2 protein chains.
Amino acid sequence: MPKLWNETIDAHRRAVRDATLDSAAALVAKRGLASITMSQIAEETGIGRATLYKYFPDVEAILVAWHERQVSSHLGHLVEVRDQGGSPREQLKAVLEAYALISHRHHGTELAALLHRGEHVARAQRHLKDFIRDLLIAGAKSGEIRDDFAPDELASYCLHALTAASSLPSKAAVYRLVTVTLAGLRPQV
Amino acid sequence: MPKLWNETIDAHRRAVRDATLDSAAALVAKRGLASITMSQIAEETGIGRATLYKYFPDVEAILVAWHERQVSSHLGHLVEVRDQGGSPREQLKAVLEAYALISHRHHGTELAALLHRGEHVARAQRHLKDFIRDLLIAGAKSGEIRDDFAPDELASYCLHALTAASSLPSKAAVYRLVTVTLAGLRPQV
């Protein structure tokens, strides 16, 4: 087959896959996790049930794939936020705020509890920790972040402190949490 | 029955109960969670299986009761640590260190994952948060702790930040975590 034809098939497959993930997420949001079936997802996506099974073996596989897409889009968003520039400390602040707001929005749902056990989440957490650690190293070099403790430990402190965001009542409270967390990172005099 | 006799029976029941909890915990530590049976627990405790069933319906109930006892002993320990005195900030530091060391010791076991879903844990968490909040209020009054944010939010920040202790490699790292967390609580100039 010519290359163009392969690309068209790939693009088609990606589109079906993406549409399936969107449908599944919409159905879960509307009806809750327990009642979702492969037939409903196929119908909502506008494809046959047999076709859906060529893409995914079951509902859980669809939800995990959807969550992987979410997580990777969140990480992409944090990279964008960092790349908007500023001093290392300003970049760190912007990234921690963006991360805390994501945690705040996606708190404690039934779906989160199911999906956060996956290996892809552990991988994303490691990736995120390295990302924050690199910002802390840059901040320590520019003298804006404490350099008396290992950046790995400080990254772990940040990420754990910000998990508080998921139980906070408002965005304003999320910003205050980031302020307090950053205060812990200030160079010591 | 005379009062003394009732007290003797009560004391006996408490002793059997305590011995049962100890046995169950020892068995889990030795053989893992999956393989523990009521018969083994009865044997290890030195009582009959029928007697054991008069106290607890199943293994999980025993483990939950054991965990409630653990949690309440941990809270008692934190109260003792606070009552050793010092300024409010010193008391807070001692309590946060004691709490972080407890988290560090009891990290991520199979048993913890099972037990931490219980309602008694949610209750203990609320209790602990109030306890930390009161220390933060005392610290704000004495000018040693920031008073620009609500003590409830700061307590939540503390407890979430210190959950990092469970994945830290050493006690030294736990003390550093408490130092950084406390730095976030310093009054702002």
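Since this is a predicted model, take the numbers as computed values, not measurements. In what follows, every heavy atom counts, from backbone to side chain, and hydrogens, waters and symmetry copies are set aside. Within every chain, numbering begins at 1; the chains are lettered A, B, ... in the order of the sequence lines, protein sequences first and strands thereafter.
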Assigning hydrophobic clusters by single linkage (Ile, Leu, Val, Met, Phe, Trp, Tyr; side-chain heavy-atom cutoff under 4.5 Å), is [X] placed with [Y]?
X        : Y        : value
A:Val16  : A:Leu63  : yes
B:Tyr99  : B:Val81  : yes
B:Val121 : B:Val64  : no
B:Leu75  : B:Leu92  : yes
B:Ile137 : B:Leu185 : no

Any heavy-atom pair between the side chains of [Y] and [X] that's under 4.5 Å?
X        : Y        : result
A:Arg105 : A:Ile102 : yes
B:Leu78  : B:His74  : no
B:Arg82  : B:Val79  : yes
B:Arg89  : B:Arg186 : yes
B:Leu21  : B:Gln70  : no

Listed by residue number, which members of residues 41-62 of chain B have a heavy atom under 4.5 Å from any heavy atom of chain A?
none
Residues of residues 172-182 of chain A contacting chain B, heavy-atom criterion under 4.5 Å, by residue number
A:Ala173, A:Arg176, A:Leu177, A:Thr179, A:Val180, A:Thr181
Which members of residues 142-164 of chain A, sorted by number, sit under 4.5 angstrom from chain B on a heavy-atom basis?
A:Arg146, A:Phe149, A:Glu153, A:Leu154, A:Ser156, A:Tyr157, A:His160, A:Ala161, A:Thr163, A:Ala164
To the nearest 0.5 Å, what is the distance between OG (A:Ser167) and NZ (B:Lys129)?
6.5 Å
Which heavy atom in A:Arg17 sits nearest to a heavy atom in A:Ala65, and how many Å separate them?
NH2-CB, 3.7 Å
By salt bridge (charged side-chain N to carboxylate O under 4.0 Å, His left out), B:Asp130 pairs with (sequence neighbours left out) B:Arg133
